[in-house]
Amino acid sequence: MMFTSLPVGQMAPWLPTWLTPIWVLSIGLILGLILSAVVFGVLAALSLIKPLGHLADNPRAGVTASLVVGGLIAAALCTTYIPLSGEYSGVMFLPLICIGLVLGFGIIYGMWHRTRVEWFAMLSEGVIPYLLSTAGLFALIGLASTPLVEDPRSILESIAAVNIVGDGTSKIEVPVPSSPDMPGSESPFHPANIDYHFRNVSELTIESDRTIVLGDAAEPAGFSRNPVRVNEGEPLTYRYQDRDAPPVPSDPTRLHIQNREIDPATVVFTFKNQPLVPQASSIVWVAAAFFLLITSMMAFRQAAPRVWAIALSTAKNEMAQPLYLLLLALGLFGVLLFGIYPFNTLGDDIRLLKDSGVTLIMVLGMILAVWSAGTSVSDEIEGRTALTVLSKPVSRRAFILGKYAGIMLAVLVLFVILSAVLSVVISYKPIYDARENASAATTWQIGHEEIMTTLPVIGLYFMETMVIGAVAVALATRLPLLANFITCFMIYVIGNLTSPLVASARDNNELVGFVGKLIAVVIPNLNVFNVQSAVDAGNPIPPIYLAGAFNYLLCFAFAIWMLAMLLFEDRDLA
């Protein structure tokens, strides 16, 4: 498929800079959709095999098989990624185990014969149509801008070079025989017999324990370039960003090595491979996130149908409320306003836009979560509606879990819609600031970097919203809406002050220190999810930090769920 960019002179010169980051993310969404279609198409075909297609007919057998497959996948993921995670690799275990379990349930229930015939119903119910519509609209905008994208072919070709495991560093040792009976300068050139793709090499280090010469032919008469000498113990380093001439030929079959000493040589080539367009890595990770989202939704629906039914009903009911539309409208208006509002920060407007945008989305999500907990849980208990639901074969645990899941699904849709709009605004903001300040034209890579450093922050703030939502659902089993609002607000304020309270209590007396530590145990430490300082400094959020925050979220959510069950177990619903 041929991609060509329109001449910049035929359009507003800032359009390619604005639309290219959006196009990159849209390609990731499309790739995720294709991946989902291929994987679940294969699983649907496997469901025609009776033992596989009917394995999940027995719920216990389906769950057991899912846990076994998920455990194997989790073990493979941990074996692959934990050694690469550095000093704090331990925090990666729980996220990788969760991903493995999601994939395990996705595989077993994706092969279920009922899943094969229910896909269309699944994609048209609950929050899934809203999520798919948002992703589809975003992808459609990206595809429509293809003629305006800067060098789309190079971006697409770089996808295959993305390092899914590790940083792309590889070492190759090449033994080179010696010719002791010949003068060093007349020694033969031996073929290296190694393979590399120099187009994707960002850095190359060549080390040898003997003096060698690198050539691009077996005979000096056939050289098309000057040979390169590498002395013993003096590594030769090449970096693409320095724009120097590479020390090896682009065709690996032409690389030959001459050993100029009487002893055999060992030459070590250390390649660091990166995509020609580094931003292409975001395509792969967006595709993986989209695939995991679809897989988790399907697995949730099929493996826990009763909980999903309660969650589906709750989400649909909350999204039909006028408050939901009001919060969504306020979020859209605020995000668009922040995009054109002059913060007068002498070049840091983009930082304030990101900070204000993600904070607004989080606040609106928390309001929705607490309000929904009050109207969906507290009002149903007080109005005796919950008794009708629990009179069916639905346990109190399933009721609480379904309510919480439904509330968070509604919040997820709010986050996704507003985050998509915020991404478009962030992509345009550097261009807007450059035009307003009459400064030099910006590049699309800047807009892409700003978006990719914002998405992890949105993820952390969604985790924080999940914490407050869990607290709100637990309290809603006993407290009315107003009391729940006040309590959650106090928990939010104190939770963001937990770390400063503990730090300030270190040098005080034992009583003050005890009170500070007690607050830190009882109240969630929301500072774990607060990365405002990193946003203001423009620092990216490392994956290891996201993993640590996810661990805290799971542990705290489980503790709150246990508390909710204690509060709800003996609640008189009659």
With no hydrogens and no angle check, is any side-chain donor or acceptor of [X] less than 3.5 Å from a backbone partner on [Y]?
| X | Y | answer |
| --- | --- | --- |
| S427 | W18 | yes |
| N551 | V91 | yes |
| S124 | A121 | yes |
| S372 | A369 | no |
| N484 | L475 | no |

Who passes side-chain hydrogen bond (donor to acceptor under 3.5 Å, both in side chains) against [X], sequence neighbours left out?
| X | value |
| --- | --- |
| T359 | D355 |
| T17 | none |
| S423 | none |

(message) Test: side chain to side chain donor-acceptor pair (under 3.5 Å). Region: residues 457-466. Which pairs qualify, not counting sequence neighbours?
(response)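 Side chain to side chain donor-acceptor pair (under 3.5 Å) check on residues 457-466 returns no pairs.
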
(message) Under the side chain to side chain donor-acceptor pair (under 3.5 Å) definition, can you give me all pairs with a residue in residues 362-371, not counting sequence neighbours?
(response) none

All N/O donor-acceptor pairs, side-chain side in residues 561-568, below 3.5 Å, sequence neighbours left out:
none

(request) Could you note down all residue pairs passing salt bridge (Lys or Arg N to Asp or Glu O under 4.0 Å) where residues 120-144 supplies at least one of them, sequence neighbours left out? (result)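 Matches after skipping sequence neighbours: E125-R301.
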
(request) Anything under 30° is parallel, anything over 60° is perpendicular, the rest tilted; go ahead and classify Y109 against F105. (result)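 Taking F105 first and then Y109, their aromatic rings lie parallel (interplane angle under 30°).
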
(request) Would you please name every residue forming a salt bridge (charged side-chain N to carboxylate O under 4.0 Å, His left out) with R114, sequence neighbours left out? (result) E118

(message) Tell me which pairs pass ring-ring contact (aromatic ring centres under 6.0 Å, His included) where either residue lies in residues 296-328, with sequence neighbours left out.
(response) F300-W308

(request) Sequence neighbours left out, what pairs pass ring-ring contact (aromatic ring centres under 6.0 Å, His included) with at least one residue falling in residues 464-496? (result)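 Listed once each, the pairs would be none.
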
Could you list the donor-acceptor pairs under 3.5 angstrom formed between side-chain atoms of residues 408-418 and any protein atom two or more places apart in sequence or on another chain?
none

(request) Begin from the C-alpha positions of T20 and H448 and carry the test side chain to side chain donor-acceptor pair (under 3.5 Å) through to its verdict. (result) CA-CA 8 Å; T20 301; H448 179 272; over 6 Å; no

(message) Checking W285 now: which residues fulfil ring-ring contact (aromatic ring centres under 6.0 Å, His included) with it, not counting sequence neighbours?
(response) none

